[in-house]
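Below: the structure, in structure tokens.
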Amino acid sequence: QKEVEQNSGPLSVPEGAIASLNCTYSDRVSQSFFWYRQYSGKSPELIMSIYSNGDKEDGRFTAQLNKASQYVSLLIRDSQPSDSATYLCAVYNSGTYKYIFGTGTRLKVLA
Amino acid sequence: GAVVSQHPSRVICKSGTSVKIECRSLDFQATTMFWYRQFPKQSLMLMATSNEGSKATYEQGVEKDKFLINHASLTLSTLTVTSAHPEDSSFYICSARGGGAGETQYFGPGTRLLVL
């Protein structure tokens, strides 16, 4: 089992819809969780970090964390074609002191 | 958010030469910097972690004598690819973290290396 798992996609949603991206992790000692967006040929850019169970909202983005289920998700409301990118989930493992990245989910927002 | 720069953004070199890539945190002090490599259509691969004033910690399979990392100050880390070969051609990305363990990493824009 991979430490951080994401569906590679592509996930296609129509413009204006809600895109839901999911990530599961294997190590319960994980403390910090991050979502990054990576456009093709570019480096990752931070969208959001989340540390506590529950929801965290920032503009059109909502991160959801459920430590009991070892699950973190990212919702993108009112999806735009410019949101089309690969979304990387990252988890900080306090046991190994490492940030573990998922392989990313490719999102396509159709105009 | 915090700003991390990388230089150069793109480099083409001949096989056998060495290439130095700089990573700077512009508006915060980076206690830890990370170096990643990403091949086309693949995920990020962590190469090494460096803390200011300490030797870098390399991931398994990454040759420390080939990929020299120096983290001389709280705002600068360098990666030198020594005796580069075509298989070293890749997208090298640094990231920096200002706070403690588990805090957010901020990525630089990356350096695209092509070795002929």
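All values below were derived from every heavy atom in this structure, side-chain atoms included, with hydrogens, water molecules and symmetry-related copies excluded. Per chain, numbering begins at 1; letters A, B, ... match sequence-line order.
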Can you name the residues of residues 84-96 of chain B that have some heavy atom under 4.5 Å away from a heavy atom in chain A? B:Phe91, B:Ile93

Does the pair A:Tyr99 and B:Gln105 meet the rule for a side-chain contact (heavy atoms from CB on, under 4.5 Å), with working shown? CA-CA 9 Å; A:Tyr99 296 83; B:Gln105 294 182 64; 3.0 Å; yes

A:Lys56, NZ atom: more than 12 neighbouring heavy atoms under 6.0 Å: yes

Residue pair B:Gly108 / A:Ser43: nearest heavy atoms and the distance that separates them: O-OG, 2.6 Å

Separation of A:Ser49 OG from B:Glu103 CD (nearest 0.5 Å): 8.0 Å

Of the backbone (N, CA, C, O) and the side chain (C-beta and beyond), which part of A:Gln38 lies under 4.5 Å from a heavy atom of chain B, both, or neither? side chain

Toward chain A: residues of residues 36-55 of chain B with heavy atoms under 4.5 Å: B:Tyr36, B:Gln38, B:Ser43, B:Leu44

Verify same cluster id: B:Phe34, A:Tyr36 (apolar side-chain graph, 4.5 Å): yes

Any idea which of A:Ser30, A:Ser40, A:Gly41, A:Ala90 has the most non-hydrogen atom pairs under 4.5 angstrom with chain B? A:Gly41

Do A:Val4 and A:Val72 share a hydrophobic cluster, counting only Ile, Leu, Val, Met, Phe, Trp and Tyr and linking them when any side-chain heavy atoms are less than 4.5 Å apart? yes

In one Ile/Leu/Val/Met/Phe/Trp/Tyr side-chain cluster, 4.5 Å: A:Leu65, A:Leu21: yes

What are the residues of residues 100-111 of chain A, in order of number, with any heavy atom under 4.5 angstrom from a heavy atom of chain B? A:Phe101, A:Gly102, A:Thr103

Quick check: under 4.5 Å, non-hydrogen atoms only, which of residues 58-76 of chain B neighbour chain A? B:Glu59

